[in-house]
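The structure under discussion appears below in the form of structure tokens.
Just so you know, these numbers use all the heavy atoms, side chains as well, and skip hydrogens, waters and symmetry mates. Order of listing sets the numbers, starting from 1, for every ligand and every atom in it.
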Amino acid sequence: MIQLDFHPSGRHFLQIPGPTPVPDRILRAMSYPTIDHRGPEFGALGRKVLADLKKIFKTEHPVIIYPASGTGAWEAALINTLSPDDRVLMFETGHFATLWRKMAQALGLEPEFLGLPGTEGWRRGVQADMIETHLRRDTGHAIKAVCVVHNETSTGVVSDIAAVRRAIDAAGHPALLLVDTISGLASADYRHDEWGVDVTVAGSQKGLMLPPGISFNALSPKAIAASANAQLPRSFWGWAEMLEANKTGYFPYTPSTNLLYGLSEALDMIQGEGLDNVFARHQRLAEATRRAVRAWGLQIQCADPAAYSPVLTGVMMPDGVDADAVRKVIYERFNMSLGQALGKIRGRMFRIGHLGDCNDLTLMATLAGCEMGLKLTGVKIAASGVAAALDFLAQS
Ligand code: PLP
């Protein structure tokens with residue numbers, strides 16, 4: 001039987017890199033009564049969120065909202081633009097890039113997976129020069145899309161999407177550029193139009209501070225044109241019906257009305273704070289976190305300072321320490337969830353999420369929980385990370 005009466009005192013610290021804590025303001029907005037999704041009020045809500053979302057993606061072009069988690073939006077990006085046996089170039093930055101490739105295979109595409117050897121690629125971002133070299137060799141333009149993850153949630157590494165665009169252009173290659181910023185949107189700088197992205201995939205449960213359940217495809221005119229000829233089967237995910245219905249603020253099937261109330265509120269909150277201020281807040285908290293990790297004498301999973309994620313920090317454990325055992329103690333003693341290491345690096349690090357509705361005090365509590373957990377599990381730390389982070393926050 002599921003135990004539903006577990007209720008430790010105080011708030012749970014949900015410090016995984018998504019889902020993130022949902023602010024009360026959004027929870028309240030989501031509690032409004034569900035309305036007729038074909039009635040007049042709904043059209044106004046639909047038009048508002050579809051217009052405001054464009055500002056977050058930094059695009060003039062349509063953004064589609066799916067009642068699905070990010071995985072659904074991944075699938076939508078592939079099947080709306082590609083045909084069976086199409087070759088796609090993907091880059092191994094971590095667990096999520098690996099899962100997207102697995103999906104491409106399952107859908108009948110031919111992914112080519114570039115990457116650095118072993119787990120080295122899990123500590124760095126996309127190597128745009130490798131993409132350029134690979135595309136230059138494809139003189140017949142058999143590769144139809146380049147797919148990369150912007151903020152690799154499994155490692156805490158951000159990739160330079162503008163550099164990937166430049167690599168595609170330098171190779172004179174017509175492939176579409178598909179980018180997953182499921183955990184980057186509204187936390188890390190992102191520019192769909194300026195970076196020449198054809199499809200951006202994003203989700204609700206990270207920087208947008210919403211519960212899981214809706215996800216997005218931002219499109220380019222080139223992607224919309226490609227969708228007219230793409231041959232992979234699609235029905236629920238098809239862009240054409242969505243784009244038609246969205247013109248008046250409606251959806252071709254029942255939308256997640258209450259999540260859209262929440263989305264409307266989240267967009268108001270982000271625009272109220274100012275998107276640049278939101279990014280700066282994330283950068284500052286990320287820097288404080290890294291200072292704490294360095295003071296503990298531990299390694300940061302991201303080995304390239306230019307690619308540090310403002311969203312999360314991966315903390316590598318010394319040899320012989322099981323990161324999951326540390327996380328378990330922190331969960332049980334301090335009622336705080338940290339992200340577990342996924343895939344190839346399982347058990348070797350844990351992830352601290354510092355995204356969404358977070359501030360100096362929530363971060364300090366998080367770092368205190370980590371420090372106490374490290375001590376309790378006998379991990380040798382060099383100095384207090386809490387003190388190092390406090391010093392930085394007090395000065396900056
Ligand atoms: N891609 C990235 C970068 C992610 O972080 C996630 C989830 O955390 C996914 C894809 C999969 O999204 P979802 O779990 O919402 O289906």
Report task. Run the numbers on Trp239 and Asn217 for side chain to side chain donor-acceptor pair (under 3.5 Å), then give the verdict. Result -> CA-CA 9 Å; Trp239 287 345; Asn217 276 182; 3.1 Å; yes
Query raised in the report: If you count the atoms of ligand 1 from 1 in the order shown, which ones are under 4.0 Å from a heavy atom of Asn151?
Result: 3 (C)
Query raised in the report: Are Asp169 and Arg166 close enough for a salt bridge, meaning some N to O gap below 4.0 Å?
Result: no
Requested in this report: May I ask you to say whether Asp357 pairs ionically with Arg25, meaning some side-chain N is under 4.0 Å from a carboxylate O?
Outcome: no
Report summary line: Numbered in order shown, the ligand 1 atoms found under 4.0 Å of a heavy atom of Gly70 are 12 (O), 13 (P), 15 (O), 16 (O)
Report summary line: of all protein heavy atoms, closest to atom 5 (O) of ligand 1 is Thr153 OG1, 2.5 Å
Report task. Answer yes or no: is there an ion pair linking Arg123 with Glu120, defined by an N-O contact shorter than 4.0 Å? Result -> no
Query raised in the report: Among pairs that include at least one residue of residues 253-274, which meet ring pair (Phe, Tyr, Trp, His ring centres under 6.0 Å), considering only residues two or more places apart or in two chains?
Result: Tyr32-Tyr261, Phe236-Tyr253
Requested in this report: Could you find the nearest protein heavy atom to atom 11 (C) of ligand 1 and give me its residue, atom name and distance?
Outcome: Thr71 OG1, 3.6 Å
Report task. List every atom of ligand 1 that sits less than 4.0 Å from any heavy atom of Ser69, numbering the atoms from 1 in the order shown and giving each element. Result -> 13 (P), 15 (O), 16 (O)
**Report entry** side-chain hydrogen bond (donor to acceptor under 3.5 Å, both in side chains) partners for Asp138, two or more places apart
**Finding:** His173
Query raised in the report: So which protein heavy atom does atom 1 (N) of ligand 1 come closest to, and at what separation?
Result: Asp180 OD2, 2.6 Å
Query - Proximity to ligand 1 by part of Val201, non-hydrogen separation under 4.0 Å - result: neither
Requested in this report: With heavy atoms only and a cut-off of under 4.0 Å, state how Lys206 meets ligand 1: side chain, backbone, both or neither.
Outcome: side chain
Query raised in the report: Does Arg351 reach the side chain of Thr313, with side-chain heavy atoms less than 4.5 Å apart?
Result: no
Query raised in the report: With a 4.0 Å cut-off on heavy atoms, is Gln205 touching ligand 1?
Result: yes
Report task. Would you check whether Trp74 reaches within less than 4.0 Å of ligand 1, judged by its heavy atoms? Result -> yes
Query raised in the report: Do we see a donor-acceptor contact under 3.5 Å between the side chains of Thr34 and Asn258?
Result: yes
Query raised in the report: What is the nearest protein non-hydrogen atom to atom 6 (C) of ligand 1, stated with its residue, atom name and distance?
Result: Phe96 CE2, 3.3 Å
